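Structure first, commentary second.
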Amino acid sequence: MVAPEARGHGIGRAMGEHCLSEARRLSFRAMQFNFVVSTNESAIRLWKQLGFRIVGTLPGAFGTLKGLYRCLHNAPLAA
């Protein structure tokens with residue numbers, strides 16, 4: 001996660017690209033980022049740009065501090 005005040009500076013992309021680079025270097029054949037909250041549109045867009053795809057959704061699995069419930073997406077990437 002990237003702190004709200006640090007968003008928009010490419011930090012999330014740099015972290016995602018670093019994770020993928022290290023996974024390839026270590027001969028991983030796949031990666032998975034578990035549980036991206038469905039309302040986190042910027043994170044979902046970034047993961048899709050990096051090659052991940054949503055393969056499953058858990059309806060109402062994430063509870064907010066306001067008592068609302070959101071879906072969680074599961075997004076793996078095959079190397």
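Keep in mind that the numbers below use all heavy atoms, side chains included, and drop hydrogens, waters and symmetry copies. Here the structure is a predicted model, which is why all the values come from computation and not from measurement.
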Give the table of side-chain donor-acceptor pairs shorter than 3.5 Å for residues 3-14, with sequence neighbours excluded, one pair per line with atom names and distance.
{"unit_1": "R7", "atom_1": "NE", "unit_2": "V2", "atom_2": "O", "d": "3.1"}
{"unit_1": "R7", "atom_1": "NH2", "unit_2": "V2", "atom_2": "O", "d": "3.2"}
{"unit_1": "R13", "atom_1": "NH2", "unit_2": "Q49", "atom_2": "OE1", "d": "2.3"}

Validation: residues 60-73 side-chain donor-acceptor distances under 3.5 Å, sequence neighbours left out:
{"unit_1": "T64", "atom_1": "OG1", "unit_2": "K66", "atom_2": "N", "d": "3.3"}
{"unit_1": "T64", "atom_1": "OG1", "unit_2": "L68", "atom_2": "N", "d": "3.0"}
{"unit_1": "T64", "atom_1": "OG1", "unit_2": "L68", "atom_2": "O", "d": "3.3"}
{"unit_1": "H73", "atom_1": "ND1", "unit_2": "T57", "atom_2": "OG1", "d": "2.9"}

| Does I44 reach the side chain of I54, with side-chain heavy atoms less than 4.5 Å apart? | yes
| task | For R45, check salt bridge (Lys or Arg N to Asp or Glu O under 4.0 Å) against everything at least two apart and list the hits. | result | none
| CG on L46 to CE on M15, rounded to 0.5 Å | 9.0 Å
| message | Do V37 and L58 sit in one hydrophobic cluster, given that two such residues count as connected whenever their side-chain heavy atoms are within less than 4.5 Å of each other, even indirectly? | response | yes
| said: Once rounded to the nearest 0.5 Å, what's the spacing between atom CZ of R53 and atom CG of N74? | reply: 10.0 Å
| message | Within the structure provided, determine whether L20 and F52 are in side-chain contact (heavy-atom separation under 4.5 Å). | response | yes
